[in-house]
Amino acid sequence: MSQDTLTPPDALRVAVRVLCAFTAQAGDLDLRFTPSPTAQDGVAGHEAVTARRPAPYQREVPLRSRCGDLLVQGRADGFDPTAPRLEEIKTHRGDVALVRDNHQALHWAQARVYAWMLCEQLALERIEVALVYFNIDTHTETALTSWHTADELRQHFHDLCARYIRWARGEQAHRLARDAHLQTLSFPFDGFRAGQRDLAGATYRTHSHGRHLLVQAPTGIGKTMATLFGALRAMPAQGTDKLLYLTAKTPGRQLALDALRRLQPDAPAGRLRVLERVAREKACEHPDKACHGDACPLASGFYDRLPQARDEAAQAAWLDQAGLRSVALKHNVCPYYLGQDMLRWSDVVVGDFNHFFDLSAHAWALTVGEPWRVGLLLDEAHNLVERARQMYSAELDPLMLAALRKAPPPGLKASLDRLHRFWGTLGREQVAEQALLTELPDGLVGALQQHTADLSEHLAVDATAPDARVQAWLFEVLHFLRVAEVFGDHSLVEITHAGAAARGRAPRPHLAIRNLVPAPHLQPRWQAAHSATLFSATLSPMDHAIDLLGLPVDCARLEVPSPFDPAQLTVHVTPHISTRFHDRAASLDDVVAVMAAQYQALPGNYLAFFSSFDYLQQALARFEAAHPDIPVWSQSRGMAEIDRNAFVARFTEHSQGIGFAVLGGAFGEGIDLPGQRLIGAFIATLGLPQVNPLNEQLRARLQARFGRGYDYAYLFPGLQKVVQAAGRVIRGPGDRGVVILMDDRFARPEVRSLLPLWWRVERG
Ligand code: SF4
């Protein structure tokens with residue numbers, strides 16, 4: 001519920017659209033593809049229909065009506081006072097029979113609500129209600145009509161309102177209790193750790209003043225608890241609707257959930273509704289089925305059972321993955337889509353970055369559309385640059401098209417061939433193995449738009465049994481088009497022949513739009529959020545993060561000093577070793593010797609980081625040959641979760657050995673190995689990204705935008721990974737350990753300046 005619905009304290013307001021969506025949805029959840037118009041098409045369709053109506057037809061008629069103390073507001077699409085006839089206009093593509101029953105029920109509900117509001121306003125006794133479906137491709141109208149008396153419409157309106165009021169009153173009471181509870185929220189430990197109070201205070205001030213804050217704070221001070229506590233305390237006074245705690249990786253979510261549990265152990269009155277959002281694949285109970293009532297039992301009758309499930313979920317309040325699943329299965333509804341509904345009714349949402357920043361993020365759409373007042377807490381925020389680049393990039397693989405052309409679905413051959421020919425021309429125009437373009441190739445968007453129209457039409461013909469291959473391909477093309485729509489000098493087009501040629505089957509190049517600077521995409525998200533705190537152990541230098549993330553210029557900054565004693569960590573640089581690509585073979589023996597010497601001097605658990613799997617394999621082979629007595633274990637490419645867990649489980653209080661890993665990979669951050677579980681790390685790389693044409697373009701763009709091309713493209717991201725990896729060693733005040741930085745460049749002042757201030761770096 002938006003803030004607007006809650007002021008003054010016991011007034012209720014709702015838009016017709018929201019009222020009907022809440023009360024009038026019935027039947028199955030049905031996510032089968034139906035070709036749908038864009039928002040722009042919808043506006044154009046409405047204009048086309050109303051332009052056909054002669055005077056005195058009225059358009060966009062503002063209406064409001066009361067039911068008890070609920071004020072309902074909206075705009076009717078069209079009204080012909082001579083009939084009198086109310087028109088609710090919906091645009092569509094394909095056969096009008098494809099409009100799902102549950103959608104049509106919703107459309108009728110909206111039309112009838114508007115019809116009542118008109119009857120009331122104009123003292124009409126009867127009115128004709130028309131649902132006008134306008135095909136935006138053929139410009140034909142299909143009108144479904146019925147006459148209603150004012151009494152019937154009033155009864156319908158009051159029924160919907162009664163159901164909504166019951167829920168909204170409950171929500172209002174929950175909100176008041178929640179805010180009262182948050183005003184008295186106390187820190188759940190006896191005291192703050194060093195730096196933790198500063199962080200909690202800064203977060204509180206940031207969220208109290210509607211600002212954004214960037215925090216670098218070392219591991220071990222309790223960032224999760226500090227930021228949650230500060231942001232939650234700020235919620236009541238700010239009228240914050242939701243707090244979104246978003247992370248780059250799954251383990252961070254659990255830490256947030258644990259902290260939220262601790263913050264309100266026994267608070268039945270006013271306790272927060274906490275929702276964990278997980279990916280659909282992880283929440284799905286029937287991965288072999290499709291999301292519609294004919295295929296999945298949890299989609300069948302979903303909307304009929306949703307109100308009871310929603311009630312119980314709201315009561316349960318603690319909706320982590322297991323909690324939500326249990327409520328969903330009790331009511332026989334899909335856990336994932338129950339979670340999507342509960343996003344509206346939750347106070348704290350714990351999820352992934354993409355739940356707010358993705359191009360099609362639901363939480364983002366609701367934040368803007370409702371609108372909500374949202375606070376953001378972003379854990380491991382140093383990952384957001386790279387994650388955002390991925391979210392705003394897209395690829396088209398010619399092999400997918402080739403596979404479809406091999407066995408073309410009926411009626412699509414001509415369209416597939418047309419795109420294939422266009423793609424071929426594009427490939428011939430770009431003869432280089434890899435072309436990087438600053439503009440979208442002429443005709444590409446048009447060709448893809450025409451192709452998606454053909455694919456949509458094809459799917460519309462038999463929407464009950466859609467061809468999964470066509471559907472998957474359509475989604476790829478649609479995503480590409482979405483990214484193409486927002487193409488600018490923050491991105492470039494990459495056309496690559498090498499990959500396709502090597503696979504030997506598709507003589508067409510691979511097409512990609514690569515986002516280089518995510519700032520322009522992220523800026524509207526920061527503007528929509530009331531406040532945001534981004535935190536990480538490695539955000540230094542902060543200008544880099546602020547520039548690339550497009551954070552507001554007045555973004556506050558906080559660097560929390562390390563609570564650790566420099567004596568806890570010995571840091572060595574080895575000036576005689578170069579791990580530059582062309583020196584690696586020659587320095588391998590030295591790398592192995594340094595590692596073995598350290599291990600023999602102080603046996604225990606170590607992590608050794610290398611810049612790539614190839615380099616790791618070479619070092620591992622050389623190490624095993626030279627020191628077969630020292631236990632080693634290694635990360636492998638594409639490691640499954642179970643194997644990753646096994647890798648980490650090898651580090652015990654009593655084990656000894658060296659785990660070989662890739663810098664920036666699964667073990668370079670986010671794993672916690674306190675005490676004897678890890679006593680040292682070897683880092684045989686500066687972590688600099690590979691020099692290649694794409695990264696060189698990135699460097700040039702960043703130089704042009706920010707004047708720091710090399711630093712922003714190579715040096716800073718590399719050193720962030722080094723510091724993250726080294727940060728695995730000291731996890732608490734009792735830890736002691738060693739970090740050996742194996743490259744002469746670590747001794748350079750510009751590199752040393754990027755290492756944590758509390759490290760005492762020694763040569764040798
Ligand atoms: S359980 Fe799976 S298949 Fe069924 S509706 Fe949910 S996500 Fe779709």
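Below, all heavy atoms of this structure are taken into account, side chains as well, without hydrogens, waters or symmetry copies. Residue indices begin at 1 and follow the sequence shown. Counting convention: from 1, in listed order, for ligands and their atoms alike.
Using a cut-off of 4.0 Å between Lys/Arg side-chain N and Asp/Glu carboxylate O, Asp347 and Arg271 are scored as not salt-bridged. A salt bridge does not link Asp241 with Arg373: every distance from a Lys NZ or Arg NE/NH1/NH2 to an Asp or Glu carboxylate oxygen is 4.0 Å or more. Salt bridge status for Arg112 with Glu88: absent, with no side-chain N to carboxylate O gap under 4.0 Å. Between Glu171 and Arg273 there is a salt bridge, since a side-chain N of the basic residue sits under 4.0 Å from a carboxylate O of the acidic one.
For ligand 1, the atoms closer than 4.0 angstrom to any heavy atom of Lys289 are 3 (S). Close contacts between ligand 1 and Cys334 involve ligand atoms 1 (S), 5 (S), 6 (Fe), 7 (S) [criterion: under 4.0 Å to a heavy atom]. Each of the atoms 1 (S), 2 (Fe), 3 (S), 7 (S) of ligand 1 lies under 4.0 Å from some heavy atom of Cys284.
The protein heavy-atom contact nearest to atom 1 (S) of ligand 1 is Glu285 N, 3.5 Å. The closest protein non-hydrogen atom to atom 4 (Fe) of ligand 1 is Cys296 SG, 2.3 Å.
Considering all non-hydrogen atoms of both residues, Ala403 and Arg469 come closest at O-NH1, 3.7 Å.
When non-hydrogen atoms are compared, ligand 1 lies under 4.0 Å from the backbone of Cys291 as well as from its side chain.
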